[in-house]
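These notes concern the structure reproduced below.
These values consider heavy atoms only, across backbone and side chains, with no hydrogens, waters or symmetry-generated copies. Index from 1, following the sequence. Everything numeric in this text was worked out from a predicted model, so none of it was measured.
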Amino acid sequence: MKKICMLTDNITSVGGIQRCVCMLSNELIKNNMEVTILCINKFNDGNVPFNLSSKVKVEYVKKVSVLNKILFWWTKIITKLDIKKGILKNLKKIQTAVSFKSKYSRNNDLLKKINDGKYDYVIVNGGSLVLLVGIYADKINSKLIGWQHSSCASYFEDKKDNLKYYKRLYKDCLNKLNNYVVLTNNDKKWFLDNMNYKCETIYHMKPFTTTKTANINNKVFISVGRLVDDKNYELLIEAFNIFAAKEPDWRLVIYGEGPKYQELNDLILKYKLENRVFIKKFKNDISEAYLDSSIFITSSKIEGFGLVLIEAMECGLPIIATNIPAFNELVKKDNGIIIKKNTAQSLAEEMYKLCLNKKEIKKYSENNKKEALNFSKESVTHKWLNLMK
């Protein structure tokens, strides 16, 4: 039986990395592997928000100090203030420094935990941990696989001030790993073109399966995601405002929570859309919300993969998406629409054209139900198992 360590910053937050780590851990357990999730941080009572097999062990490098807790919550508070007031332009640099200080201060504990575990493979989740593990790779006895959960754009474009140095450091760390997994072929090409490094592309697996298909006659647009800047919900609300002037019956429901809730709610009130646009808290059984809707829309500026698109496909929802690399790989002409320009006007036009075309909606719905089969837990897990032969 192989021993696998899933190394991550934390597993107790509600986020994409945590969800995917839990799903893959559960599937590896089913394939007779012993899995431990090893976390750098623990900021709450330790409850894992996603369904995790009782056979998966969860361990922590070391209890977080009071100072690190203060630094963590300080950056959270400043983030919210910065979104509203723009008071701290260098916030990301400070957050990165705090994050790295927290991780590096415990590197000896981390190395001891990994080596004492005698793991066959350590799957390293996230860019900062890839750097950390890469630097100390010669002191780790296990084989190392990096797992990138965001796009190359989000990893590297916000580091323009020191991009040359950062890319060189990242490449040095990559060369010390046994393999590196990215979420799209676009990111795989980026690493080959920019770092002459060959990655493996493994898509995320769909979180749930259903035999049901969405009610495409309900006249409801749905969007799912955290209420943060990258999701660009201002664009979606503005587009719906344009759309609503022509089409009086459709509604928009956004499922998500986050720091931009009040700002987005104010925008809804500004356009007098409070009876047609609704922001609801994220549901654990989100499949019910998809099935009660007719068309899925995402307005994101940047995404690593777009797990919500796979969820929408599983429920047979047509898709309208912004024009970004991750979505271009998933949404084709026979299962949805990529808008030509990432503007409210362009999005509103595609919403209006599709809602009038029932034949096209039906075609997209049927094709997406079939497309979702490519993201089954079995097929995705098989690719991971091949990496660890």
Side-chain angles (χ1 to χ4, degrees), residues 6 15-31 50-53 123 125 145 147-151 179-189 199-214 222-225 255 282-291 293 295-298 300 302-322 324-338 363-388:
M6 303 287 288
I17 292 179
Q18 290 79 11
R19 191 180 197 184
C20 293
V21 166
C22 287
M23 287 193 294
L24 180 57
S25 297
N26 289 342
E27 295 307 307
L28 294 178
I29 286 287
K30 293 177 186 176
N31 284 273
F50 302 103
N51 293 326
L52 184 65
S53 169
I123 299 175
N125 292 273
I145 300 175
W147 189 6
Q148 178 170 306
H149 292 267
S150 297
S151 67
N179 223 316
Y180 192 71
V181 174
V182 293
L183 300 178
T184 66
N185 289 319
N186 182 71
D187 286 333
K188 180 178 181 177
K189 184 178 183 300
C199 304
E200 295 289 336
T201 301
I202 302 180
Y203 292 146
H204 281 329
M205 63 185 74
K206 55 187 178 185
F208 60 82
T209 58
T210 178
T211 57
K212 298 178 181 178
T213 301
I222 183 175
S223 191
V224 179
Y255 285 89
F282 181 81
K283 299 169 64 173
N284 285 330
D285 187 7
I286 194 65
S287 62
E288 293 180 2
Y290 286 117
L291 292 169
S293 306
I295 296 173
F296 178 83
I297 301 185
T298 174
S300 292
I302 193 166
E303 287 283 356
F305 177 67
L307 191 60
V308 290
L309 268 68
I310 307 306
E311 294 176 338
M313 288 178 185
E314 176 63 16
C315 294
L317 278 168
I319 293 170
I320 301 176
T322 39
I324 61 175
F327 295 161
N328 285 323
E329 195 159 320
L330 298 173
V331 181
K332 307 298 182 183
K333 62 180 181 180
D334 59 349
N335 71 325
I337 297 167
I338 296 289
K363 181 185 82 171
Y364 291 160
S365 175
E366 292 172 350
N367 288 342
N368 270 334
K369 196 70 178 173
K370 296 174 186 175
E371 185 69 20
L373 296 173
N374 295 323
F375 307 96
S376 69
K377 291 179 180 179
E378 293 78 15
S379 63
V380 173
T381 304
H382 178 71
K383 293 178 180 179
W384 277 100
L385 293 175
N386 280 340
L387 280 186
M388 296 183 281

Please indicate whether Lys283 has more than 12 foreign heavy atoms, meaning atoms of other residues, nucleotides or ligands, lying under 6.0 Å from its NZ.
yes
Do other residues, nucleotides or ligands put more than 12 heavy atoms under 6.0 Å from Lys370 NZ?
no
For the pair Tyr180 and Gln148, evaluate side-chain hydrogen bond (donor to acceptor under 3.5 Å, both in side chains) and give the outcome as yes or no after the intermediate values.
CA-CA 8 Å; Tyr180 192 71; Gln148 178 170 306; 2.7 Å; yes
Distance check, rounded to the nearest 0.5 Å: Ile222 atom CD1 versus Thr298 atom OG1?
12.0 Å
At their closest point, which heavy atom of Ala214 faces which heavy atom of Tyr290, and how far apart are they?
CB-O, 3.6 Å
Heavy-atom closest pair (Val380 atom, Tyr203 atom, distance to 0.1 Å) is CG1-O, 3.3 Å
List the steps and the verdict of side-chain contact (heavy atoms from CB on, under 4.5 Å) for Ile310 and Leu330.
CA-CA 9 Å; Ile310 307 306; Leu330 298 173; 4.3 Å; yes
Residues Ser300 and Glu303: closest non-hydrogen pair is OG-OE2, 2.8 Å
Applying salt bridge (Lys or Arg N to Asp or Glu O under 4.0 Å), name anything that partners Lys383, two or more places apart in sequence or on another chain.
none
Mark yes or no for whether Asp187, through its side chain, and Leu183, through its backbone, hold a donor-acceptor pair below 3.5 Å.
no
Shortest non-hydrogen pair, Cys20 vs Trp147, comes out as O-CH2, 3.8 Å
Min side-chain heavy-atom separation Ile337-Ile319 under 4.5 Å
no
So, does Asn186 use its side chain to make a donor-acceptor pair with the main chain of Pro325 at under 3.5 Å?
no
Taking every non-hydrogen atom, the tightest pair across Cys315 and Leu291:
CB-CD2, 3.9 Å
Could you walk me through whether Cys22 and Asn51 pass the side-chain contact (heavy atoms from CB on, under 4.5 Å) check?
CA-CA 7 Å; Cys22 287; Asn51 293 326; over 6 Å; no
Closer than 3.5 angstrom, by distance alone: can the side chain of Thr322 be matched with the main-chain N or O of Ile324 as a donor-acceptor pair?
no
Under the ring-ring contact (aromatic ring centres under 6.0 Å, His included) rule, what do Trp384 and His382 come out as? Steps first, then yes or no, please.
CA-CA 5 Å; Trp384 277 100; His382 178 71; over 10 Å; no
Can you name the nearest heavy-atom pair linking Val182 to Lys188, along with the distance?
CG2-N, 3.8 Å
If we only count heavy atoms from C-beta on, is the Lys332 to Asn335 side-chain gap below 4.5 Å?
yes
Passing candidate, salt bridge (charged side-chain N to carboxylate O under 4.0 Å, His left out) with Lys206, options Glu371, Glu27, Glu314:
Glu314
Once rounded to the nearest 0.5 Å, what's the spacing between atom CD1 of Ile145 and atom CG of Asn179?
6.0 Å
Report the C-alpha distance between Cys199 and Val181 in whole Å, list the side-chain angles of each, state the deciding distance to 0.1 Å, and finish with yes or no for side-chain contact (heavy atoms from CB on, under 4.5 Å).
CA-CA 6 Å; Cys199 304; Val181 174; over 6 Å; no
For Glu311, what residues pass the salt bridge (Lys or Arg N to Asp or Glu O under 4.0 Å) criterion, not counting sequence neighbours?
Arg19
Please tell me whether Asn26 and Ser53 have a donor and an acceptor in their side chains that are separated by less than 3.5 angstrom.
no
Roughly how far, to the nearest 0.5 Å, is the OG atom of Ser223 from the CD1 atom of Ile320?
11.0 Å
Would you please classify the geometry between the His204 ring and the Phe305 ring as parallel, tilted or perpendicular, with 30° and 60° separating the classes?
perpendicular
Single hit among Asn368, Asn367, Leu373, Asn374 for side chain to side chain contact (heavy atoms under 4.5 Å, CB included) with Met313
Asn368
Given 3.5 Å as the limit, does a donor-acceptor pair link the side chain of Ser365 with the main chain of Leu317, or not?
no
Nearest 0.5 Å please: distance from the CZ atom of Phe327 over to the OG1 atom of Thr184.
11.5 Å
Just by modelled atom types, is the Glu378 backbone N or O under 3.5 Å from a matching donor or acceptor in the Thr381 side chain?
no
Rounded to the nearest 0.5 Å, what separates atom NZ in Lys363 from atom CG in Asp334?
6.5 Å
ring-ring contact (aromatic ring centres under 6.0 Å, His included) assessment of Phe282 paired with Tyr255
CA-CA 5 Å; Phe282 181 81; Tyr255 285 89; 8.0 Å; no
Please test Met388 against Leu28 for side-chain contact (heavy atoms from CB on, under 4.5 Å), starting from the C-alpha separation and ending with a verdict.
CA-CA 11 Å; Met388 296 183 281; Leu28 294 178; 3.9 Å; yes
